[in-house]
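These numbers come from a predicted model, not from an experiment. Every chain is numbered from 1, with letters handed out A, B, ... down the list of sequences.
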Amino acid sequence: MADPLMSLLGVKKSYGEGVARTEVLHGIDLALHRGEFAALIGPSGSGKSTLLHLLGLLDRATEGRITFDERDVESLSDDERAMFRGYKLGFIFQFHHLLPEFTALENVVLPMMALAGKEKPGMRERARELLSRIGLSDRMNNRATDLSGGQQQRVAIARALAMKPLLVLADEPTGNLDQETGHQVFELMREFNRVEKTSFLIVTHDQRLAVQCERVIEIVDGRIERDEKRS
Amino acid sequence: MPFEWVVAVRFLREGRAQTILILLGIGVGVGVIVFLSALINGLQDSLIERTLGTQPHVILRMPDDAVRPMKKAGADELVMSRLEEPAQRLRSILRWQQTLDEAAGNPRVTAVAPLVSGAAFALRGNANKSIALRGIDPERYRAIIDLPARLIEGTYELAGDEALIGVELAKDFGLETGDKVRLTTAGGKSEVFLIKGVFDVGNKDLNERWVFVPIRAAQTLLDLTGGISSIEVKVREIFDAEDVAQELGRVTGLSAESWMKLNTQLLIGLRSQSASSVMIQVFVIVAVALGITSVLVVSVVQKSREIGILKAMGTTTGRVTRIFLLEGAILGLAGSALGLMIGSGLALFFASLAKNPDGSATFPVALTLVLFARSALVATTVGLLAAVIPARRAAQLDPAEVIRYG
Ligand SMILES: Nc1ncnc2c1ncn2[C@@H]1O[C@H](COP(=O)(O)OP(=O)(O)OP(=O)(O)O)[C@@H](O)[C@H]1O
Ligand SMILES: [Mg+2]
């Protein structure tokens, strides 16, 4: 198998200091590969979000080694990690977290602007193209807050994909949606994975969605309990 | 447009009520500053202008002829001072032509004029009045005190036996342009002068006592042939006057006194007025700054989700910091624009309320471009500084935390 896109080696994460210190992840070894479509499952409180935040360079591991493309990302400065997030990673959250002050289109343009420092030609075209692919061409200029939950989550997918990331991390992206809409959103991610070869790691509680992924990683109480691949 | 600018403007625009309220707050604050400055500057300018309307900036005379400032409470509790003519016999400034050129050569001096002044009497029929005889070179003297502008009748011409008298003397003696008046001195010299004009310098006492004649006529009357009693000097910057006076005094060996020394009380008054106005402005600025800070701190808390998302998307802490600094600066600038309107409106309204009989404002206001620019600059800077704490808070927000609990 080719070099992993991202790998974790003996990664531990604890919160708090002194007596209040609790270890949430107790030594995780994990490799994510290019183009992979994986699910991360596990009971509540098992450390799924914590792991996702470490993979997303939003938080730092207490111990262990995390590499992205062979590069040690734990040793990078905060700003370098921010740039890394911007260029290589995409995020989709349960509560979509669109910026309510901006339109759907602007929400997709923003990550590109944040990295370039200003709006550049082509950014709007890229955003329009993404929005039409998720079926929101006619809602582009609506305020983020004027969209339904499913529509907002689709915009969040478009936003995550704006910079053509190598890996998209999604934390319960369908958790807030009804089953039908949740399925549509899931299918959309699946399609982007197939077409663009973007890797996805999706945290979900939904067994029916998990079984549709090529790989299911189960985490229990801060340890990887199961890691199954199918084809 | 830079990313930070786009986000800052949008955050402010969508903050509607909050933004409008804080803008009003800044506007009122800046308005108070503009109004107060305009009023006080206007008042002070006009006080100084009135004082200097009848006084040279610096006066040079023989050392023992030194002038004693005389305090006198005027009609509107202004403290003015007046030059008291010395009682002793007049002595001329030695080699005064040379001294005059020396003084004129000083780079901070814009005009000099020789003067022959002394006590005399004006006679008309049986009446006689004590006057201050002032022998001048009309062309040079007008650069010191703009007498032509103060003429209410006649022409600004002085040659041979011609004189200009004040409006009070003219009234007392029933004189007008074209009439004649006899002037005599204690030394027994006497001469008849043709009145060429009547002036009003805005000071009753001087309008009664001042009589201008050509320098040569005064020399004859006061027994000072070829000599002069003082040199009056105008300087470029009026508040340099004391400095220039000391310099001229050193160079010429004459006694040199500035208007500032002769009007110490007035200046102390003006200075304490300025100081209290500055105090008020400082407090207003502090209040405005606190207002901006608290609004932005609240907005950082309200927007912590968005800030977390922006960071997760790759926005560096530098950019996040700049977004909020910009918000502060924009609030300051926009608020000051509002404040300039409020302050100017208030100042002009006040000025229009009370008018002197001649139509000039009782409250002279000085609304200058400098004042506007300064206020806008101060407000923008204060906005920027007030945003430092909120901006740092925003920069320190941990995206993982915000997203987890958002
Ligand atoms: N900032 C923190 N400080 C202390 N403990 C924390 C912190 N963040 C998470 N934890 C703890 O770490 C454990 C794992 O949390 P995490 O959010 O990763 O679980 P999860 O698997 O995502 O759960 P869920 O399915 O409910 O989202 C929990 O026990 C949680 O209380
Ligand atoms: Mg979670």
Side-chain angles (χ1 to χ4, degrees), chain A residues 13 15 48-60 77-103 106-120 123 143-145 156 159-160 162-163 165 169 171-172, chain B residues 1-20 295-296 298-327 330-331 391-406:
Chain A
K13 175 70 186 176
Y15 289 108
K48 302 184 295 296
S49 297
T50 306
L51 179 60
L52 211 69
H53 290 164
L54 291 181
L55 288 166
L57 312 194
L58 290 170
D59 212 346
R60 285 179 190 268
S77 74
D78 284 351
D79 277 352
E80 284 168 331
R81 284 161 69 90
M83 300 298 259
F84 213 97
R85 286 197 294 271
Y87 285 109
K88 312 270 185 182
L89 301 171
F91 295 92
I92 303 166
F93 303 99
Q94 181 174 355
F95 301 101
H96 50 77
H97 290 321
L98 295 182
L99 300 197
E101 293 86 357
F102 294 86
T103 65
E106 289 166 334
N107 264 283
V108 181
V109 173
L110 271 176
M112 300 186 261
M113 280 181 77
L115 292 166
K118 61 176 188 233
E119 192 179 328
K120 290 195 168 153
M123 288 182 178
R143 281 298 191 84
T145 44
R159 181 179 67 185
M163 290 301 296
L169 301 162
D171 200 346
E172 301 185 39
Chain B
M1 252 198 290
F3 167 75
E4 292 91 331
W5 180 266
V6 172
V7 177
V9 169
R10 188 63 65 92
F11 277 2
L12 285 175
R13 217 175 69 193
E14 297 303 313
R16 269 164 223 175
Q18 242 170 33
T19 305
I20 289 172
V295 163
L296 288 181
V298 168
S299 122
V300 167
V301 173
Q302 287 174 333
K303 298 207 185 307
S304 45
R305 279 225 271 158
E306 282 98 312
I307 296 164
I309 283 296
L310 286 172
K311 286 185 162 184
M313 293 184 328
T315 311
T316 55
T317 46
R319 283 204 208 285
V320 172
T321 309
R322 284 198 293 275
I323 289 172
F324 285 89
L325 290 181
L326 252 175
E327 283 196 40
I330 293 170
L331 283 175
R392 284 185 52 180
R393 283 208 182 179
Q396 282 162 1
L397 267 181
D398 177 4
E401 198 101 329
V402 181
I403 288 160
R404 183 186 295 273
Y405 302 110

Enquirer: Test L58(A) against every option in I403(B), D398(B), V402(B) by the side chain to side chain contact (heavy atoms under 4.5 Å, CB included) rule and name the one that passes.
Expert: I403(B)
Enquirer: Heavy-atom count around R393(B) CZ within 6.0 Å, excluding the residue itself: above 12?
Expert: no
Enquirer: As an exercise: rank K303(B), E306(B), K311(B), R13(B) by heavy-atom pairs under 4.5 Å with chain A and give me the winner.
Expert: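 With the most close heavy-atom pairs to chain A, the winner is E306(B).
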Enquirer: Which residue out of A82(A), G86(A), A160(A), A162(A) racks up the most heavy-atom pairs below 4.5 Å with chain B?
Expert: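 Of the candidates given, the most pairs with chain B belong to A82(A).
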Enquirer: So for R60(A), is it side chain, backbone, both, or neither that comes closer than 4.5 Å to the heavy atoms of chain B?
Expert: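 Neither the backbone nor the side chain of R60(A) comes within 4.5 Å of chain B.
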Enquirer: For M83(A) and T316(B), which heavy atoms make the closest approach, and how far apart are they?
Expert: SD-CG2, 3.9 Å
Enquirer: Determine the minimum heavy-atom distance between K118(A) and M1(B), stating which atoms define it.
Expert: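 Closest approach of K118(A) to M1(B), heavy atoms only: CB-O, 3.4 Å.
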Enquirer: Between F102(A) and V7(B), what is the shortest heavy-atom contact and its length?
Expert: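 Looking at all heavy atoms of both residues, the shortest contact is CZ-CA, 4.0 Å.
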Enquirer: For F91(A) versus A312(B), what's the shortest heavy-atom pair and its separation?
Expert: CE1-O, 3.4 Å
Enquirer: With a 4.5 Å cut-off on side-chain heavy atoms, are D78(A) and T317(B) touching?
Expert: no
Enquirer: Where does E106(A) contact chain B at under 4.5 Å (heavy atoms): side chain, backbone, both or neither?
Expert: side chain
Enquirer: Working to the nearest 0.5 angstrom, can you tell me the gap between L310(B) CG and L110(A) CG?
Expert: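 Rounded to the nearest 0.5 Å, the CG-CG separation comes out at 6.5 Å.
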Enquirer: Please identify, among P100(A), P111(A), S49(A), the residue contributing the most non-hydrogen atom pairs under 4.5 Å to chain B.
Expert: P111(A)
Enquirer: Any non-hydrogen side-chain atom of M313(B) less than 4.5 Å from a side-chain atom of L99(A)?
Expert: no
Enquirer: Is there side-chain contact between E119(A) and V6(B), with heavy atoms separated by less than 4.5 Å?
Expert: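 Contact flag for E119(A)/V6(B) side chains = no.
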